[in-house]
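What follows is a short report on a single structure.
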Number of protein chains: 2
Amino acid sequence: MSGGEFNSWQTVQAEVLRRINAREWKPGEFIPNEAELSVEFGCARATVNRALRNLAESGLLDRRRKAGTRVALHPVRKATLDIPVIRYEIEGKGQTYRHSVLLQERVVPPSGIRARMRTGPGVKLLHLVTLHLADGKPYVFGDRWINPDAVPGIEKADLSAQSANEWLVANIPFEGGDFSFSAMTAGKREAEILACKEGEGLFVIDRSTWNKTHVITSVRLTFAPGYRMHTEI
Amino acid sequence: MSGGEFNSWQTVQAEVLRRINAREWKPGEFIPNEAELSVEFGCARATVNRALRNLAESGLLDRRRKAGTRVALHPVRKATLDIPVIRYEIEGKGQTYRHSVLLQERVVPPSGIRARMRTGPGVKLLHLVTLHLADGKPYVFGDRWINPDAVPGIEKADLSAQSANEWLVANIPFEGGDFSFSAMTAGKREAEILACKEGEGLFVIDRSTWNKTHVITSVRLTFAPGYRMHTEI
DNA sequence: TTGGATTATAAGTATATACATAAAAACCTG
DNA sequence: CAGGTTTTTATGTATATACTTATAATCCAA
């Protein structure tokens with residue numbers, strides 16, 4: 001490639017990717033800088049910039065100002081996965097969605113939750129246990145804690161009409177969140193709620209969301225057996 | 001905000017985000033076009049473009065040429081998660097990594113695998129079962145199928161020195177992959193290999209990677225109890 | 001009324017230019 | 001030579017401009 005042809009940032013990206021894959025540029029090695037590449041490819045530096053930035057975002061390149069751009073040493077692939085609202089997920093499969101509130105209380109949380117929610121000792125939180133059903137069958141249940149200080153209006157919300165999750169995403173802006181995925185073994189409680197056998201392996205998502213000042217909510221979703229989360233690169 | 005101040009694409013993005021969160025722009029609604037916003041924010045259209053493109057990538061906006069930009073109706077949050085090589089993951093925690101090949105054979109795969117690998121009937125694949133250990137304790141085991149047609153050189157590779165996964169990422173470029181995450185219940189085999197109890201819930205990742213012409217490999221990783229995959233938004 | 005061609009429009013991209021910023025490298029200076 | 005200062009440099013960002021492309025909307029004819 002020596003200039004003259006048509007070039008888009010995608011063309012540049014593809015060629016850079018090819019060189020990485022072909023080991024013409026080896027892991028850890030510096031690649032030519034943007035200015036040089038733009039000359040080589042016969043395009044503007046901004047075009048090269050966009051291509052390299054994109055590759056850096058997906059983990060294949062490491063870039064640092066002044067230092068330059070190098071092929072990532074440990075090419076950690078990044079997969080993006082969608083975190084849908086459960087109702088949409090169920091309805092998206094053509095099943096009917098229903099949910100019911102199994103428990104709603106305002107209590108002082110156990111210490112683990114208190115730590116996650118970063119609330120003071122003795123502060124009461126809203127505790128909700130909700131079961132979501134797909135075509136009438138248990139799909140997932142959520143054990144959720146909400147900080148009422150962070151969520152004005154939650155007291156007045158009818159959480160049996162609209163699930164807490166939906167109410168929150170619709171009404172409370174948040175800045176960030178963290179997710180963790182794991183597996184657990186169904187105990188008596190889980191088996192009862194999800195109508196499965198004790199001892200089955202269940203998929204679990206723990207999630208907290210927060211805004212600038214508060215942890216808004218922290219929830220553990222325990223899915224019925226067979227649940228599968230999927231993504232592509 | 002009416003022009004004159006300092007503006008970066010991040011400022012624009014933050015303000016757009018604020019309006020979405022504050023429901024000034026409601027889900028499903030069209031927002032002003034790039035030209036209008038660039039006037040309002042007193043910046044170039046390219047700056048607005050970058051901000052909006054970014055928000056669209058993270059699922060908060062829907063954009064279509066000619067049609068315009070609208071707030072996503074079902075704001076599916078996208079989380080990105082890192083898919084590390086197991087050795088790096090273990091070594092990253094300061095533990096020592098070791099792995100051993102439990103089984104290596106060249107056989108015709110069962111039909112489920114054959115479908116995943118898109119190989120013809122009767123075609124033999126490389127089948128590998130590998131256990132990865134952290135500080136000598138079972139961490140995860142991989143049940144892997146490799147298409148030798150897609151992987152020249154695999155026959156000569158010493159897969160007890162370097163794990164198949166590492167060998168593959170180091171030697172075989174791939175175009176895409178898919179991942180699915182689920183939970184299973186430990187049976188006799190899993191309990192034996194992972195030194196856990198039968199009936200424990202285990203975290204499972206199924207993953208296939210391919211290039212233009214072939215499915216390269218398909219692997220199921222079954223993690224020892226307690227494994228947790230984590231990500232932030 | 002349908003269905004195909006035309007037009008108008010909003011996003012998408014490319015580019016030259018300029019300046020900002022982080023940080024490595026070189027240069028002091030005590 | 002240590003520690004701080006300056007310089008250099010590669011990436012990061014902003015902007016005006018121009019052109020491309022997908023596609024919604026319109027128009028027109030059978």
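We name chains A, B, ... by the order of the sequence lines, and we start the count at 1 in each one. All values below were derived from every heavy atom in this structure, side-chain atoms included, with hydrogens, water molecules and symmetry-related copies excluded.
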Problem - Under the side-chain contact (heavy atoms from CB on, under 4.5 Å) test, residues paired with A:S218 that sit two or more places apart - result: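 Residues passing side-chain contact (heavy atoms from CB on, under 4.5 Å) with A:S218: A:R116, A:M117, A:S208.
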Problem - Partner set under side-chain contact (heavy atoms from CB on, under 4.5 Å) for A:R18, not counting sequence neighbours - result: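 A:E15, A:A22, A:E24.
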Rounded to whole Å, how long is the line connecting atom [atom1] of [X] with atom [atom2] of [N]?
{"X": "B:L61", "N": "C:dG12", "atom1": "CG", "atom2": "P", "answer": "11 Å"}
{"X": "B:R50", "N": "D:dT15", "atom1": "CZ", "atom2": "P", "answer": "13 Å"}
{"X": "A:R53", "N": "D:dT11", "atom1": "CZ", "atom2": "P", "answer": "13 Å"}
{"X": "A:N49", "N": "C:dA18", "atom1": "CG", "atom2": "C1'", "answer": "15 Å"}
{"X": "B:R70", "N": "D:dA24", "atom1": "CZ", "atom2": "P", "answer": "10 Å"}
{"X": "B:D62", "N": "C:dA10", "atom1": "CG", "atom2": "P", "answer": "17 Å"}
{"X": "A:W9", "N": "C:dT15", "atom1": "CH2", "atom2": "P", "answer": "14 Å"}

Exercise for the section: Ignoring hydrogens and angles, answer whether the base of D:dG12 and the side-chain atoms of A:R45 contain a donor-acceptor pair closer than 3.5 Å. Expected result: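 Such a pair is found, so the answer is yes.
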Handout entry: Side-chain donor/acceptor of B:R64 to base of C:dG12, under 3.5 Å
Key =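 Such a pair does not exist between side chain and base.
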[X]: partners by ring pair (Phe, Tyr, Trp, His ring centres under 6.0 Å), with sequence neighbours left out:
{"X": "A:Y97", "answer": "A:H99, A:H132"}
{"X": "B:F181", "answer": "none"}
{"X": "B:F179", "answer": "none"}

Practice task
Consider only side-chain N and O atoms of B:T130 and B:R144, and report whether a donor and an acceptor are under 3.5 Å apart.
Solution key: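 No, B:R144 and B:T130 have no side-chain donor paired with an acceptor closer than 3.5 Å.
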Problem - Exercise: do A:E89 and A:Y139 side chains pair donor with acceptor under 3.5 Å - result: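 Per modelled atom types, A:E89 and A:Y139 side chains form a pair under 3.5 Å.
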Identify which nucleotide among [options] has an atom closest to any side-chain atom of [X], counting heavy atoms from C-beta outward.
{"X": "A:S8", "options": "C:dA14, D:dT13, C:dT13", "value": "C:dA14"}
{"X": "B:R63", "options": "C:dA11, C:dA14, C:dA16", "value": "C:dA11"}
{"X": "A:T47", "options": "C:dA11, D:dT15, C:dT15", "value": "C:dT15"}

Handout entry: Under 4.0 angstrom between A:Q10 side-chain N/O and C:dG12 OP1 or OP2
Key =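 For C:dG12, neither OP1 nor OP2 has a side-chain N or O of A:Q10 closer than 4.0 Å.
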Practice task
Considering just the side-chain nitrogens and oxygens of B:T69, establish if one lies under 4.0 Å of OP1 or OP2 belonging to C:dA10.
Solution key: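 Result: no.
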Handout entry: Sorted by number, the residues of residues 29-36 of chain B with heavy-atom contact under 4.0 Å to DNA chain C
Key =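 B:N33, B:E34 - these, ordered by number, are the residues of the stretch whose heavy atoms sit under 4.0 Å from the strand.
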Practice task
List in chain and number order the residues that pass salt bridge (charged side-chain N to carboxylate O under 4.0 Å, His left out) with A:E57, two or more places apart in sequence or in another chain; answer none if no residue qualifies.
Solution key: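 Counting only residues at least two positions away or on another chain, A:E57 forms no salt bridge (charged side-chain N to carboxylate O under 4.0 Å, His left out).
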Check the interface with nucleotides 20-22 of chain C: list each N/O to N/O pair with the protein under 3.5 Å, or write none.
unit_1, atom_1, unit_2, atom_2, d
C:dT21, O4', A:R65, NH1, 3.2
C:dT21, O3', A:R65, NH1, 3.1
C:dA22, O4', A:R65, NH1, 3.3

Exercise for the section: Using heavy atoms to find the nearest nucleotide of DNA chain D for A:G68 and A:A46 separately, return the residue whose nucleotide is more 5′. Expected result: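 Looking at DNA chain D, the more 5' nearest nucleotide goes with A:G68.
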Practice task
Name all pairs fulfilling the ring pair (Phe, Tyr, Trp, His ring centres under 6.0 Å) condition that reach into residues 13-39 of chain B, sequence neighbours left out, sorted by first residue then second.
Solution key: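 Every candidate ring pair (Phe, Tyr, Trp, His ring centres under 6.0 Å) pair involving residues 13-39 of chain B fails, so no pair, neighbours aside, qualifies.
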